[in-house]
Amino acid sequence: MALSVSRRILRRFGSFSAFGRGESPSFANQSIRTSPDLYGAVSGDNSFHLKGGLSFLGCRKFSTTVLTPDSSEGGFPSDLLSKKTVLTPDRTIGLCQDLVIPVTSFLNEDKGFMVLAGDVFDVPIRKDIIHRVVRWQLAKRQQGTHSTKTISEVSGTGRKPWRQKGTGRARHGTLRGPQFRGGATMHGPKPRSHAIRLNKKVRRLGLKIALSARAAEGKLMVFDNLEVPTHKTKYIVNYYNETENTKKVLLVDGGTINEKLKLATQNLHYINVLPSIGLNVYSILLHDTLVMSRDAVNKIVERMHTPINR
């Protein structure tokens with residue numbers, strides 16, 4: 001029996017002649033992978049002696065425990081364990097691959113998973129598109145109600161202040177001119193629109209890039225819903241205090257904002273609430289954390305997949 005086991009082992013690790021000539025390196029410095037038949041043939045605490053003075057210790061029991069260099073289970077040589085840290089390669093951003101993200105709630109409950117469309121939440125990041133969309137948003141929201149009065153609109157007399165000649169003073173025909181106090185403003189602003197044109201496909205791409213940036217940073221969270229049991233502000237404050245590395249939070253719901261949620265967040269300057277129809281690039285950039293409900297994600301994806309009207 002011992003001879004057959006010896007032959008199996010030598011068949012795996014070398015020939016008899018190699019052991020005799022010393023061509024094979026010492027087994028003490030090698031990490032040995034044992035085969036299943038070796039485990040089946042070796043049992044108990046017996047050791048087998050081979051030619052050349054080599055001895056192998058039988059394995060006492062099977063184990064499924066994961067051993068590490070810091071394990072205290074003993075018996076396993078620490079030099080055979082790898083001390084290298086296994087690094088998982090980072091995900092490449094911008095490949096339009098679908099993302100799987102866990103779904104939670106305000107109570108940090110496990111609500112399953114949700115698949116995010118790759119063509120919406122994993123597009124290449126382009127700062128130039130973000131810059132154009134933010135400029136378009138800020139220009140379009142500017143009121144443009146600034147106004148100044150011209151010489152015909154300033155209140156005052158139209159009489160010539162003094163005669164043309166003989167006074168030694170400069171000649172003037174009115175006191176409503178821009179050089180007089182309370183007079184007109186020349187080339188001043190008038191009410192107008194500051195909006196600039198931007199193609200719809202560029203606007204849509206900007207929103208996709210902003211969503212993809214938050215997803216790549218790990219700052220996109222999906223909730224099953226945004227229902228809160230109470231309108232008390234401390235309920236939202238407690239959730240905010242439990243989150244890490246968060247300064248401002250944007251909550252996005254699919255439809256009309258829940259009245260309790262609106263009351264709970266209206267006094268918090270660092271938490272804002274929006275419906276999905278109002279989600280925009282500038283609001284996403286103002287908040288470092290984006291929290292969306294399942295319904296909001298579905299409506300945003302549907303909105304992004306709707307053909308653009310020409």
Side-chain angles (χ1 to χ4, degrees), residues 120 123 125-214 247-253 255-257 262-263 265-290 296 299-300 303-304 306-310:
V120 177
V123 300
I125 307 299
R126 290 186 55 183
K127 294 182 180 180
D128 58 318
I129 298 294
I130 293 292
H131 176 260
R132 292 178 62 186
V133 175
V134 169
R135 274 195 66 237
W136 170 77
Q137 275 192 244
L138 297 182
K140 189 173 179 62
R141 81 174 189 177
Q142 190 169 345
Q143 289 184 350
T145 55
H146 38 53
S147 180
T148 55
K149 290 185 177 182
T150 63
I151 196 170
S152 62
E153 296 169 338
V154 173
S155 177
T157 179
R159 175 179 174 269
K160 186 176 175 68
W162 50 79
R163 60 183 182 174
Q164 183 79 358
K165 291 177 157 305
T167 63
R169 303 181 66 180
R171 52 198 176 190
H172 292 289
T174 179
L175 293 178
R176 295 184 295 174
Q179 69 270 35
F180 292 108
R181 179 178 178 272
T185 300
M186 301 306 296
H187 309 293
K190 282 295 189 180
R192 67 181 181 91
S193 172
H194 290 266
I196 57 178
R197 289 178 56 87
L198 189 64
N199 292 341
K200 289 182 180 179
K201 63 179 182 180
V202 180
R203 293 183 238 161
R204 179 173 291 187
L205 179 59
L207 184 56
K208 291 180 180 180
I209 293 173
L211 292 173
S212 300
R214 287 292 175 262
K247 294 182 179 180
K248 296 190 70 175
V249 180
L250 179 63
L251 304 176
V252 183
D253 205 353
T256 307
I257 303 301
K262 189 185 301 182
L263 292 174
T265 58
Q266 66 180 359
N267 287 335
L268 302 176
H269 65 87
Y270 48 83
I271 296 181
N272 294 306
V273 186
L274 277 179
S276 61
I277 193 65
L279 185 63
N280 58 87
V281 174
Y282 190 62
S283 296
I284 295 176
L285 297 182
L286 282 182
H287 302 79
D288 61 334
T289 302
L290 179 62
K299 289 192 175 182
I300 288 295
R303 180 169 134 197
M304 294 295 102
T306 303
I308 298 176
N309 295 328
R310 298 293 182 182

Without swapping roles, check the side chain of Thr148 against the backbone of Pro189 for a donor-acceptor pair under 3.5 Å.
-> yes
Contact summary for Ser276 and Ile300, nearest pair of heavy atoms | O-CD1, 3.6 Å
Distance in Å, Arg214 CZ paired with Asp288 CG, rounded so as to fall on 0.5 Å steps | 6.5 Å
Heavy atoms from other residues, nucleotides or ligands near NE2 of His131 exceed 12 (cutoff 6.0 Å) = no
Step by step, work out the side-chain contact (heavy atoms from CB on, under 4.5 Å) result for Leu198 and Arg135.
-> CA-CA 10 Å; Leu198 189 64; Arg135 274 195 66 237; over 6 Å; no
Could you tell me the separation between the CG atom of Leu279 and the CG atom of Leu250, rounded to the nearest 0.5 Å?
-> 6.5 Å
Ser212 side chain to Val123 main-chain N or O, any donor-acceptor pair under 3.5 Å?
-> yes
From CD (Gln143) to NE2 (His194), nearest 0.5 Å | 10.0 Å
Hey, is the main chain of Val202 close enough, under 3.5 Å, to the side chain of Asn199 for a donor-acceptor pair?
-> no
For Thr306 and Arg204, which heavy atoms make the closest approach, and how far apart are they?
-> O-NH1, 2.6 Å
Ile257 and Pro275, any side-chain heavy atoms less than 4.5 Å apart = yes
Asp253 versus Ala296, closest heavy-atom pair with distance = C-CB, 3.7 Å
If you round to the nearest 0.5 Å, how far is NZ of Lys299 from CD1 of Ile277?
-> 8.5 Å
Is atom NZ of Lys248 surrounded by more than 12 heavy atoms (other residues, nucleotides or ligands) closer than 6.0 Å?
-> yes
Minimum heavy-atom distance Val154-Lys149, with the two atoms named | CG2-CB, 4.0 Å
For residues Lys160 and Arg163, report the shortest heavy-atom separation together with the two atoms involved.
-> CE-C, 4.0 Å
side-chain contact (heavy atoms from CB on, under 4.5 Å) partner of Val281, chosen from Ile129, Ile209, Val134, Leu286 | Val134
Check step by step if side-chain contact (heavy atoms from CB on, under 4.5 Å) holds for Met304 and Leu207.
-> CA-CA 9 Å; Met304 294 295 102; Leu207 184 56; 3.7 Å; yes
Taking all atoms of both residues into account, what is the closest heavy-atom pair of Gln137 and Tyr282, and its distance?
-> OE1-N, 3.2 Å
Distance from Arg203 atom CZ to Leu205 atom CG, nearest 0.5 Å?
-> 12.5 Å
Would you say the side chain of Lys247 lies within less than 4.5 Å of the side chain of Tyr270, judging by non-hydrogen atoms?
-> no
Interatomic distance, Arg192 atom CZ to Gln142 atom CD [nearest 0.5 angstrom] | 7.5 Å
Does CZ belonging to Arg303 count more than 12 external heavy atoms closer than 6.0 Å?
-> yes
Residues, nucleotides or ligands: over 12 heavy atoms within 6.0 Å of Lys140 NZ | no
